[in-house]
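Note that the structure is a prediction, hence the values are computed from the model and not measured. Below, read A as the first sequence line, B as the second, and so on, with proteins coming before strands; counting in each chain starts at 1.
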Amino acid sequence: MLSCEQATRLLSESQERPLTLSEKMNLKVHTAMCSGCREFGRQLSSLRMLIQDEKTSEQESDKN
Amino acid sequence: MAEKNQLHVTFRDEDLDSLRRQMLSFARLQLDDEHLAEDAVQEALAGALKNASSFSRQSTLKTWVFSILRKKIADVLRGQYREPVREACKDCASDDDELFDGRGHWQAGATPRRWGNTHELADSTQFWQVFDTCLEALPAEQARVFMMREFIELDSAEICASLELSTSNLHVLLHRARLKLRACLSDHWFQ
């Protein structure tokens, strides 16, 4: 069973590289039971999306 | 100089000084070189001054110059691939005691809770001010790699080559940066 520190590490690394099958399995088992790490994963995705949106709107304002 | 005067019509000198100081401290954090940081701030300010008259509120101007500054810093970092060897991973040491207990589980109070609606948050000037403050609060190396990864979208291999970091060190730095950034945003924006 992963600790939350290990689970968040894998969630972070999943933004850099594809996780192995066993890493994915371990992570699924952990997040099924741990709402904190589930939220952590959601928040990482939100952060990346927000930064994307911000850059898109900056590029649009550059054109004007 | 004419451009500067145009800005003085709208903003007080001390406000401009304060803004410039904040920009410099942000730029120094991202760029190890004092001159590069000064240059990036000057260019960002000059770029913003062209449109200064259209800013009715100071907060708008600040968000605007910071978004330009971030782009300037990104340009400098992209050009820095052949910088001399840096001290390897000075911010890799564990400093997450306030987040996890001895067994690696969330400390009471540090467990992530649901963020509210993030729809259209990217358009909020206040949100990006909080974001910049949180980014500045990170250890320098963590802020730098996060910026290179997320804002400039360099891949792991490019960042490792640029900063002479191992992949594993990079992943440690990004992990810590994300943990602290989301904690800071939770405390100061999504509370």
Side-chain angles (χ1 to χ4, degrees), chain A, chain B residues 47 51 63-64 67-68 70-71 74 94 96 99-107 110-124 127-128 131 134 145-147 149-153 155-157 159-160 167-168 170-179 181-183 185-186 190:
Chain A
M1 176 74 184
L2 296 174
S3 70
C4 297
E5 191 165 16
Q6 292 167 326
T8 55
R9 165 82 188 251
L10 281 182
L11 286 163
S12 176
E13 279 190 36
S14 72
Q15 299 212 322
E16 318 309 326
R17 63 174 177 92
L19 298 183
T20 66
L21 191 58
S22 76
E23 285 171 334
K24 278 187 207 161
M25 302 262 287
N26 284 330
L27 201 50
K28 265 204 180 351
V29 170
H30 182 97
T31 52
M33 292 188 293
C34 176
S35 68
C37 289
R38 219 157 43 232
E39 284 310 322
F40 179 82
R42 284 202 189 107
Q43 291 171 6
L44 288 195
S45 309
S46 298
L47 266 184
R48 191 164 268 189
M49 261 166 39
L50 280 167
I51 292 169
Q52 287 303 322
D53 288 354
E54 149 85 350
K55 288 199 298 198
T56 314
S57 63
E58 273 180 30
Q59 279 156 13
E60 276 163 11
S61 66
D62 277 355
K63 286 177 202 153
N64 298 334
Chain B
N51 300 294
T63 305
W64 173 246
S67 80
I68 296 176
R70 278 203 296 267
K71 273 190 282 187
S94 179
D96 295 334
L99 294 176
F100 298 109
D101 66 21
R103 297 185 342 231
H105 294 293
W106 293 107
Q107 294 274 23
T111 309
R113 292 207 217 111
R114 181 72 60 102
W115 280 356
N117 189 8
T118 55
H119 185 59
E120 290 181 354
L121 195 52
D123 295 330
S124 160
F127 173 77
W128 290 108
F131 185 94
C134 287
V145 295
F146 182 83
M147 172 108 177
R149 182 69 187 102
E150 301 294 341
F151 279 91
I152 315 173
E153 293 182 81
D155 64 28
S156 293
I159 300 173
C160 288
T167 307
S168 135
L170 173 68
H171 288 170
V172 169
L173 288 172
L174 283 171
H175 179 214
R176 297 200 197 295
R178 286 170 175 141
L179 281 169
L181 197 56
R182 69 138 294 280
L185 289 173
S186 295
F190 294 103

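Only the side chain of B/Phe127 comes within contact range of chain A, with heavy atoms under 4.5 Å apart. With a 4.5 Å cut-off on non-hydrogen atoms, B/Arg149 touches chain A through its side chain but not through its backbone. Contact annotation for A/Cys34: only side-chain heavy atoms (C-beta onward) come within less than 4.5 Å of a heavy atom of chain B. Of the two parts of B/Thr167, neither the backbone nor the side chain holds a non-hydrogen atom closer than 4.5 Å to a non-hydrogen atom of chain A.
Contact of the A/Leu50 side chain with the B/Phe131 side chain is not registered, since no non-hydrogen atoms from C-beta on lie closer than 4.5 Å. Residues A/Ser46 and B/Trp115 form a side-chain contact, since some pair of their non-hydrogen atoms from C-beta on lies under 4.5 Å apart.
Shown here for B/Trp106 and A/Thr8, the closest heavy-atom pair between the two residues is CZ2-CG2, 3.4 Å. B/His105 approaches A/Cys4 most closely through the heavy-atom pair ND1-SG, 3.6 Å. For A/Gly36 against B/Thr111, the heavy-atom pair with the smallest separation is CA-CG2, 3.5 Å.
The structure places CG of A/Leu47 at 6.0 Å from CG of B/Leu185, a figure rounded to the nearest 0.5 Å. Rounding to the nearest 0.5 Å gives a distance of 12.5 Å between CZ of B/Arg103 and CD of A/Glu5.
Applying the disulfide bond (SG atoms under 2.5 Å apart) rule to B/Cys134 yields the partners B/Cys184; only residues at least two apart in sequence or on another chain are considered. Applying the side chain to side chain contact (heavy atoms under 4.5 Å, CB included) rule to A/Glu39 yields the partners A/Arg42, A/Gln43, B/Pro112, B/Arg114; only residues at least two apart in sequence or on another chain are considered. The ring-ring contact (aromatic ring centres under 6.0 Å, His included) check on B/Phe146 picks up nothing, with sequence neighbours excluded.
When the candidates A/Arg38, A/Glu13, A/Met49 are compared by the number of heavy-atom contacts under 4.5 Å with chain B, A/Glu13 comes out ahead.
Using a 4.5 Å cut-off between non-hydrogen atoms, the part of residues 15-26 of chain A that approaches chain B consists of A/Gln15, A/Glu16, A/Arg17.
Each of B/His171, B/Arg176, B/Arg178 was scored for a side-chain contact (heavy atoms from CB on, under 4.5 Å) with A/Arg9, with one residue passing: B/His171.
Ring geometry for A/Phe40 versus B/His175: interplanar angle over 60°, hence perpendicular rather than tilted (30 to 60°).
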